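The block underneath contains the structure these notes are about, expressed in structure tokens.
The shown structure was predicted, so the numbers you read here are calculated from the model rather than taken from an experiment. To find a chain, count down the sequence lines: A is the first, B the second, and so on, and within it residues start at 1. Side chains are part of it too, since the values below use all heavy atoms of this structure and drop only hydrogens, waters and symmetry mates.
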Amino acid sequence: MKILYMGTPDFAVKPLKALIENKYDVCGVVTQPDKPVGRKAILTPPPVKIEAENAGIKVYQPQTLKNGEGIEILKETNPDVVIVVAYGKILPKDFLEFSKYGCINIHGSILPKYRGAAPIQRCVLDGEEYAGVTAMQMDVGLDTGDMLLVEKTKIGENETSGELFDRLADMGAQLLIKTLDKLQKDELKPEKQNDEESTYASMLDKSMSPVDWNNSAQQVHNQIRGLDPWPVALTVYNGKTLKLFRSYLTDSLGSGEAGTVKAVKEGLAVFCGDGKPVIITEVQYEGKKRMKAADFLRGNPIPDGYSLLKDC
RNA sequence: CGCGGAGUAGAGCAGCCUGGUAGCUCGUCGGGCUCAUAACCCGGAGGCCGUGUGGUUCAAAUCCCACCUCCGCAA
């Protein structure tokens, strides 16, 4: 079974590793071109490329798959099946249909919900109870292909998108191996998606970062953990941005006015629109490193009852 | 040359402008109080103040210069 693997970010590394460990014949890896990253705009290769090169697999980084450029790669590598995990580009119809078993995608949600770019983060942001991964036979639509296998998991109360990402990447890797196994035994039963139940998980951006303390504590908590590795929830303190990384809910502090602050042992409690507090445990102040909220408070004491709303 | 912040005790910060004894909150160690404590009281240890074989000065954490590292914004 010859496999062409397509993927770009960290999420796609684990499934690729799984293929290699399970002795699948990965005849090539397609990933996005290197991109400038960071303050110095250093050209950085995608995580998948690094992994592939370590394994001695040939890497392709086409700017586009259109105009037959994708087909060229297929002709050269001649795979039986193409595996796509968070590649980041649309695959044209002729590309999808070229190889024997077409293109199979591992998607980070329980389809048909959360089709699109940011399914994992959207699940957390929405406060969903379950997340999962779906193996799907790709068609020309966006995550609309027939479902092959699904794996579900419960989202932890305080789990961040980043943590869920890691877990789902492992699950996706296992699911991929299972899918290929069944594919070879001809045991897969494609199932159509119910389009009426579908939802779309659009990309995140920085405009989602500012916290509105008038929202409920649960909403704020979901925002903080949902935006965790990026773009990160933030509020303004003393005219400077304060990033909020981790939080949890409690009902042991009574209630307070939206936006007001109280220092507690675990960190910084901020009361929200429904009068309940969210305890913030990890922050980063502008120009400073990420640190425990309790540490931040030692050097930047905020008086109890201070309102963050007037800073926004 | 994209804009900007920061490197001082184990942690987080102040001190720098207006050079002259190393300071705060917390942790840690010892003691006390308490039925008890993440509470309170007393005491102690712990710093080549990012690097320089730099400059100015009677004297540099502090002023000037160069370099290193970390970070926020923008992309």
task = Measure the distance from CD1 on A/I302 to P on B/C13 and round it to the nearest whole Å.
result = 13 Å
request  = Look at the rings of A/Y237 and A/F296 and say which category their plane angle falls in: under 30° parallel, 30 to 60° tilted, over 60° perpendicular.
outcome  = perpendicular
ask   = What distance, rounded to whole Å, do you find between the two P atoms, one in B/G32 and one in B/C71?
value = 46 Å
task = Considering only atom C1', compute the distance from B/A61 to B/G47 and round it to an integer number of Å.
result = 11 Å
query = For atom C1', what is the distance between B/C63 and B/G15, given to the nearest Å?
reply = 15 Å
key: B/C40: pairing nucleotide in any strand, Watson-Crick or G-U under 3.5 angstrom   = B/G32
query = CD of A/E286 versus C1' of B/G12: gap in Å, rounded?
reply = 18 Å
task = State, without any angle test, whether A/Q174 and A/D170 hold a side-chain donor-acceptor pair at a distance under 3.5 Å.
result = no
key: Spacing of A/Q284 atom CD relative to B/G5 atom P, expressed in whole Å   = 17 Å
query = On a whole-Å scale, what distance lies between the C1' atoms belonging to B/A39 and B/G72?
reply = 38 Å
message = Just the rounded figure in Å: distance from P of B/G27 to CE of A/M291.
response = 18 Å
ask   = Between atom OH in A/Y237 and atom P in B/C13, what is the gap in whole Å?
value = 13 Å
ask   = Salt-bridged, A/E76 to A/K58, with N to O below 4.0 Å?
value = yes
message = Can you measure A/I279 atom CD1 to B/A38 atom P for me and round it to whole angstrom units?
response = 20 Å
inquiry  = Using whole Å, what does the distance between atom C1' of nucleotide B/C73 and atom CG of A/L242 come to?
reply    = 15 Å
query = Which nucleotide, in any strand shown, forms a Watson-Crick or G-U wobble pair with B/A6, with both distances under 3.5 Å?
reply = B/U69
ask   = Got more than 12 heavy atoms from elsewhere within 6.0 Å of NZ, A/K113?
value = no
query = What interatomic distance, in whole Å, is found between P of B/A59 and the corresponding atom of B/A14?
reply = 30 Å
inquiry  = Quick check for you: among B/A11, B/C73, B/A38, whose closest atom lies nearest to any side-chain atom of A/K265?
reply    = B/A38
task = Map A/K243 and A/K240 onto RNA chain B by nearest heavy atom, then report which one ends up closer to the 5' terminus.
result = A/K240
request  = Rounded to whole angstrom, note down the C1' distance from B/G27 over to B/G12.
outcome  = 11 Å
key: Presence of salt bridge, A/E97 and A/K93, under 4.0 angstrom   = yes
task = Examine the side chains of A/D228 and A/S161 and answer whether a donor and an acceptor come within less than 3.5 Å of each other.
result = no
inquiry  = Below the 4.0 Å mark, does B/U69 have OP1 or OP2 next to a side-chain nitrogen or oxygen of A/K289?
reply    = no
task = Nearest whole angstrom, please: distance from the C1' of B/A38 to the CG of A/L297.
result = 15 Å
key: Nucleotide of B/C73, B/C71, B/U25 approaching A/R298 most closely (side-chain heavy atoms)   = B/U25
Interatomic distance at C1', B/A38 relative to B/G7, whole Å = 31 Å
query = Pick one: which of A/R225, A/H221, A/E163 meets side-chain hydrogen bond (donor to acceptor under 3.5 Å, both in side chains) with A/N158?
reply = A/H221
Sugar-phosphate, base or nothing in reach of A/K206, heavy atoms under 4.0 Å = sugar-phosphate
request  = Quote, to the nearest angstrom, the P distance that separates B/U62 from B/G20.
outcome  = 10 Å
Return the polar atom pairs (N/O with N/O) between nucleotides 6-9 of chain B and the protein under 3.5 Å, or none.
| from | atom 1 | to | atom 2 | distance (Å) |
| --- | --- | --- | --- | --- |
| B/A6 | O2' | A/K288 | NZ | 3.4 |

request  = For atom CD of A/Q63, decide whether the heavy atoms of other residues, nucleotides or ligands shown that lie under 6.0 angstrom number more than 12.
outcome  = no
